[in-house]
J.: 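Pasting a structure below so you can have a look.
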Amino acid sequence: MGAKHFGARVKRLEDPALLSGRGRFVDDLKLPGLLHACFVRSPHAHAMVRDIDSGAATAMPGVHTVLTANDLPEPMRRMPIPMLTPNPAIATPRTQTALAGDEVCYVGQPIAVVIADSRYLAEDAAAAVVVDYDVLAAVGDCRVGIRDGAPRAHSDLASNVIARFPLAYGDVDAAFTNAAHVFEEVLWQHRGGGMALETRAVLASHDPVADTLTVWSGTQTPHLGRGTLADLLDRNLESIRMIAPDVGGGFGPKAIFYPEEAVIPATALKLGRPVKWIEDRREHFLSATQERDQYWDMAIAVDAGGKILGVRGRMLHDSGAFVPWGVIMPYIAAVTVPGPYVVPAYHLETVVVLTNKVPTTPVRGAGRPQAVFAMERLLDRVARELSLDRAEVRRRNFIQPEQMPYAVGLLFRDGKPLIYDSGDYPKGQDEALRLAGYEGFRERQRVALEQGRLIGIGIGNYVEGTGLGPFEGVTVRVLPSGKVAVATGATNQGQGTRTTLSQIVAEQVGCRIEDIVMTIGDTGAIAQGVGAFASRQAVNAGCSAQLAGEAVRKQIIALAARTLGVNEDDIDLEDGKAVATTGNKPMVPFGELARLAQGIPGVSLPAGQAAGLEHTAYYTPPQAAYCSGTHVAEVEVDHMTGGVKVLNYTVAHDSGRVINPLIVDGQVQGGVAHGIGNALLEWMQYDDNAQPLTTTFADYLLPMATDVPTCAIAHVETVNPLNPLGVKGAGEGGTIPAPAAIIAAIEDALSPFNVHFAETPLTPERIVAALRAAGAYERLFAA
Amino acid sequence: MGKQATRITVNGKSHARVVEARLTLADFLRHELGLTGTHLGCEHGVCGACTVLVDGHTARSCLMFAVQANGSEVTTVEGLAADGELSVLQQAFMDNHGLQCGFCTPGMLITLTELLRDNAEPSEAEVREALTGNLCRCTGYAGIVKAALDAAQRLRGGTPSQPSPASGGGR
Amino acid sequence: MKPAPFDYHAPRHLKEAAELLATLPNVKILAGGQSLVPMMNFRYVIVDHLVDLGHVDDLRGIAVIDGRLRIGAMMRQRDLETSPEVARHCPLLAEALRHVGHRQTRNRGTIGGSLAHADPAAELPAVCAAYDAVLHLASIRGLRSVPFREFSLGFMTTALAPDEMIAAIELPIWRSGHGHGFHEFARRHGDFALAGAAALLDIGAGNVVRGAALAVFGVAEQPVRVDAAEAALTGKAIGSTAIQNAAAAAWLVEPISDIHAGGDYRRHLAQVLSVRALTDAARRAGVDG
Ligand code: FES
Ligand code: FES
């Protein structure tokens, strides 16, 4: 066998092009006759649209057309975009239409589209479209939205509560009645957007000769997008090709199908010319989905030794104006709470509320950071109240490795019982604490305090359901050139999908990694696909690559053995050649075998010989793969300004067998940066009327290089017994426990002042306000 | 309104165009010249994806009009790799996993090209400060910082540091 | 986010620029463009004419004249940051510049552009306030000199007439051996400050303060001199208690509130950062608090 690829720090195949400016993002593609689009969007959070006058705009130079909902084809004109994950708990399933009809329900909702010779001209004309609105009262806050007499987010709905579902097991009431201690926490959690650096982008072109509609979209899910577009255009699925070329980051919001992905193809069909729309950053803030606010009222019941008896509470989720992905995000949050701990009884009432803000869908972590924050804050509280070490409280409550597989008692969002397949949570925490120097921290803290510096440490543990089905596909085909073609419905927004899958295939097939020609994110290359979300590709596509590679390997060996006249057992595959290990070691290159496998026109193939060296595998995981980890954050707080600096950050994580540590470490580090943003910086603010206030990168703060330390990372591998590679997902774990660990560390740093926090993002202003309320400054200025 | 004859030398090649005054330098590079390596992440001067060198100094090409660069020399990411060979810095990015989606990468490379030209031996803190003008949503910056320090060392003639097998090293 | 159309003018001489400003309708000056162009890209600013001062040589240069440092309005922030004259004569300005945006924006951004933009949280207006800078304003009517406190009129408002431009800034050079201090609190490196303080101290024998200047910024609608603090310090021996007491006056500056920070927090920061700026200034003047 050739070079060992699986498990190696293989450098990325994606890099050379991206490093030299030869990437191909949607806006880099140019077609003859290309036109450019600009959308007219609602400036109001809630209004009726009385009239749209596009006369002046249409007459402007370079303008080709201005379209409103009525100009769109059927059924797109009226049909709401299908919901990705319907759920019977949703009382009033609301998704938006491609262009708004009579009513707009959030600032930024698209109403009309201008098509012109350039984006500059399209923007000129968009400003000249006159829309006559009847402004309605808006729901700006989900806590207000559930009150009697509150305005309605949609004028025809009787209630803003779109779903209400309890998740429970065990006897919670008994647990609380009999508990030695009960502690309550009221938490506010905010998560902003994915804020991929590349905004959304769509380019559509219709070839009238073949009647093929080709759509390039900066999406995480081209196959899902193609299906939705086919429904909205009432077109044959096979006549649409959707391609996700290079995509500049995804992080969740690019996993859904957006109105613009329907409108741009419709205009290209209508005008008979290619049309491109590149979202600008302001549009991204207004109309790309986010995750936003959750309000948690939680209580924990423990025995005298800090062992958990039960957890209960209520969570309010601000879903925005529509639910394109159903209620999966609050659902995932609700089932993630128990985490790595034995929680004998649990009850959480989740209430999902419509507001007049941009819709919410999962952002890296998908509700899990909130759940982990809730649980970890409760455990920190238990530790404080019972004067126990925070790590010790967790140790006393961990599910033990010998309890695996462990059934939590809930249904996960994949529809299957929530059963942790594998994991060693105590070991993960020990590993993280060791790497973080937790033992010696109190001494470091004391020394720092003597120098007038306040430092603190915090811990966050999590279990994450990853690798969700239904499937992903990979085709492996040996070409007559000797190269190996690989096609997959998996996509790449920076995760190194190409490299990872190439490693697996190269190892199975026995070719050089450079000889793999991969087509990724192209519905034209493989019949079925799903795409990137829920850290699912290493599991789904990885296993498919393994299975397809294995099958092609068998085909190659069989044909080579016959060709070389040796036993199959005596064939080795390496560097694109089949080599006999016996005799004078004859060999045959893959290219020749590929030609032989094509046969001769008119001549029957030998018995047992399949046509071509090719296999497509669609791996279907039996259930989610549960990865886990422990984060330890060490921070310094300037108590006079409220400024927080993350000094050290340690991660021990278990994502099963690691295909490429270089890439997995990159995912963890990038995820932690996102988590630091969630904990300290990122806050999409709206006023009471649901007008967005933070619509620039100067107002919505992403972490910079000075905000994110280089993490120390340990891999704790427990092999996933449920899939052939033994892998679990790795894309989101970095983000999930970060707010919990960081806020705990801040609290620890400020322990001389005895202040407590139950919110993210935690701003310097709030820290100072808490310190002031605790009398910190009177003591200091008096001193 | 406002067309203007403009001559800009980009990556050593002179280009004369008559352009609208409002055309940003970024759009000029991307759409007039087809040099799409320069990216637009915000168009309001914060993300740094559009960073290019104008007469040797970094500038946000979304905050300049092409007409302002009349007579100037501009270097873009396409101009960093000589004869298709990756530059030392580009190679260091590849070796240290300094990019994921690659969208921020051209701006990062240009910013660091200026830094390493002016400061042959930057500290980690100096690298991080230089990078504050460029946002990356994917990498968490660790690989970029490592790549910059690695490239600095290689440019000083030190041995190229092989990425250590152990990850991170936060303390 | 593409700007609306406009006509572009690139005068080479001050007089030509002044004439364009006086005659063109709906005209704006383009200096470094680091604040104006984002607003044009958002179409918050739509102009018919843009006059680029980038080619006007008369607006550049740096010189010491009669005990003052004279800086051309079109000097790039980065040039000033690395200028030996600035470092020697007005170290407070050099220090403040390190907090202004990022290298890429300082390469383009100019001192005149920052002063004309008059963001309340910007560093350079605060430095001018602390120094009692004099601004030279040019138009077809000629040159007039305006002290900074008369130039800065309120929230993003200055005494510039519509057809006027800043030609130069003069900073009085403090006695050699004086101390300076500059502290700001921003959410991230290079962001506009939520609040900040710029301090100058001239300290004589017996640690007695001969001259003091303290300006806070990001707190009110424009940079504000904290007269009460300066008065409390001047003529007395300096020490940490004196600094603490004097800085308390910064808390009294009437603050603004916005999405970035509330007024109470801003005035708290003003006080804390004034202590830090004054302490640095005293230390640099040879007195350890
Ligand atoms: S695109 Fe120019 S700074 Fe973001
Ligand atoms: S690599 Fe994706 S933004 Fe930096």
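Below, chains carry the letters A, B, ... as their sequence lines are ordered, and counting in each starts from 1. FYI, side chains are in, hydrogens and waters are out, and symmetry mates aren't considered; it's all heavy atoms of this structure.
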J.: Indicate whether any N or O donor in one side chain lies under 3.5 Å from an N or O acceptor in the other, for A:Asp707 and B:Tyr141.
T.: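 Their side chains do not contain a donor-acceptor pair, so the 3.5 Å distance test is not met.
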J.: Between B:Asp95 and A:Arg9, does at least one N-O distance fall below 4.0 Å, as a salt bridge requires?
T.: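 No, no charged N to carboxylate O under 4.0 Å.
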J.: Pick from B:Glu124, B:Gln90, B:His97, B:Gln91: which one has the most heavy-atom pairs with chain A under 4.5 Å?
T.: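 The option with the most such pairs is B:His97.
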J.: Evaluate side chain to side chain contact (heavy atoms under 4.5 Å, CB included) for B:Gln100 paired with A:Gln667, printing each intermediate quantity in order.
T.: CA-CA 9 Å; B:Gln100 289 184 19; A:Gln667 288 294 310; 3.4 Å; yes
J.: Is it the backbone or the side chain of B:Leu135 that comes under 4.5 Å from a heavy atom of chain A, or both, or neither?
T.: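 Both the backbone and the side chain of B:Leu135 come within 4.5 Å of chain A.
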J.: According to ring-ring contact (aromatic ring centres under 6.0 Å, His included), who are the partners of A:Phe285, at least two apart in sequence or on a separate chain?
T.: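 A:Phe285 satisfies ring-ring contact (aromatic ring centres under 6.0 Å, His included) with A:Phe697, A:Tyr700 once adjacent residues are dropped.
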J.: Would you mind telling me which of A:Leu18, A:Leu197, A:Leu19 makes a side chain to side chain contact (heavy atoms under 4.5 Å, CB included) with B:Thr105?
T.: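 Among A:Leu18, A:Leu197, A:Leu19, the one meeting side chain to side chain contact (heavy atoms under 4.5 Å, CB included) with B:Thr105 is A:Leu19.
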J.: Does any heavy atom of chain B fall under 4.5 Å from the side chain of A:Gln669, the backbone, both, or neither of them?
T.: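 Both parts, backbone and side chain.
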J.: Under a 4.5 Å heavy-atom cut-off, does chain B meet the side chain of A:Pro16, its backbone, both or neither?
T.: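 Backbone plus side chain of A:Pro16, per the 4.5 Å heavy-atom cut-off to chain B.
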J.: Verify side chain to side chain contact (heavy atoms under 4.5 Å, CB included) between A:Asp246 and B:Phe103, making sure each step is shown before the conclusion.
T.: CA-CA 9 Å; A:Asp246 285 331; B:Phe103 200 79; over 6 Å; no
J.: Can you confirm whether the side chains of A:Arg281 and B:His44 place a donor and an acceptor under 3.5 Å from each other?
T.: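 Distance-only check fails for A:Arg281 and B:His44.
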J.: Do any pairs count as a ring pair (Phe, Tyr, Trp, His ring centres under 6.0 Å) and have a residue in residues 60-87 of chain B, sequence neighbours left out, and if so which ones?
T.: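 Of all non-adjacent pairs touching residues 60-87 of chain B, those that pass ring pair (Phe, Tyr, Trp, His ring centres under 6.0 Å) are B:Phe65-C:Phe6.
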J.: Atom CG in B:Leu40, atom CZ in A:Phe25: separation rounded to 0.5 Å?
T.: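 Between atom CG of B:Leu40 and atom CZ of A:Phe25 there are 12.5 Å.
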J.: What residue in B:Met94, B:Glu43, B:His39, B:Glu129 has the most heavy-atom pairs under 4.5 Å with chain A?
T.: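 Looking at each option in turn, the highest pair count goes to B:Met94.
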J.: So what's closer than 4.5 Å to chain A heavy atoms on B:Leu89: side chain, backbone, both or neither?
T.: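 It is neither, since no heavy atom gets under 4.5 Å.
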J.: Which one, B:Thr132, B:Leu35, B:Leu99, leads in non-hydrogen pairs under 4.5 Å with chain A?
T.: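 It is B:Leu99.
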J.: Determine, stepwise, if the pair B:Asp27 / A:Arg119 fulfils salt bridge (Lys or Arg N to Asp or Glu O under 4.0 Å).
T.: CA-CA 10 Å; B:Asp27 283 338; A:Arg119 171 76 186 199; over 6 Å; no
J.: What distance do A:Asp665 atom CG and B:Thr139 atom OG1 have between them, rounded to the nearest 0.5 Å?
T.: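 Between atom CG of A:Asp665 and atom OG1 of B:Thr139 there are 13.0 Å.
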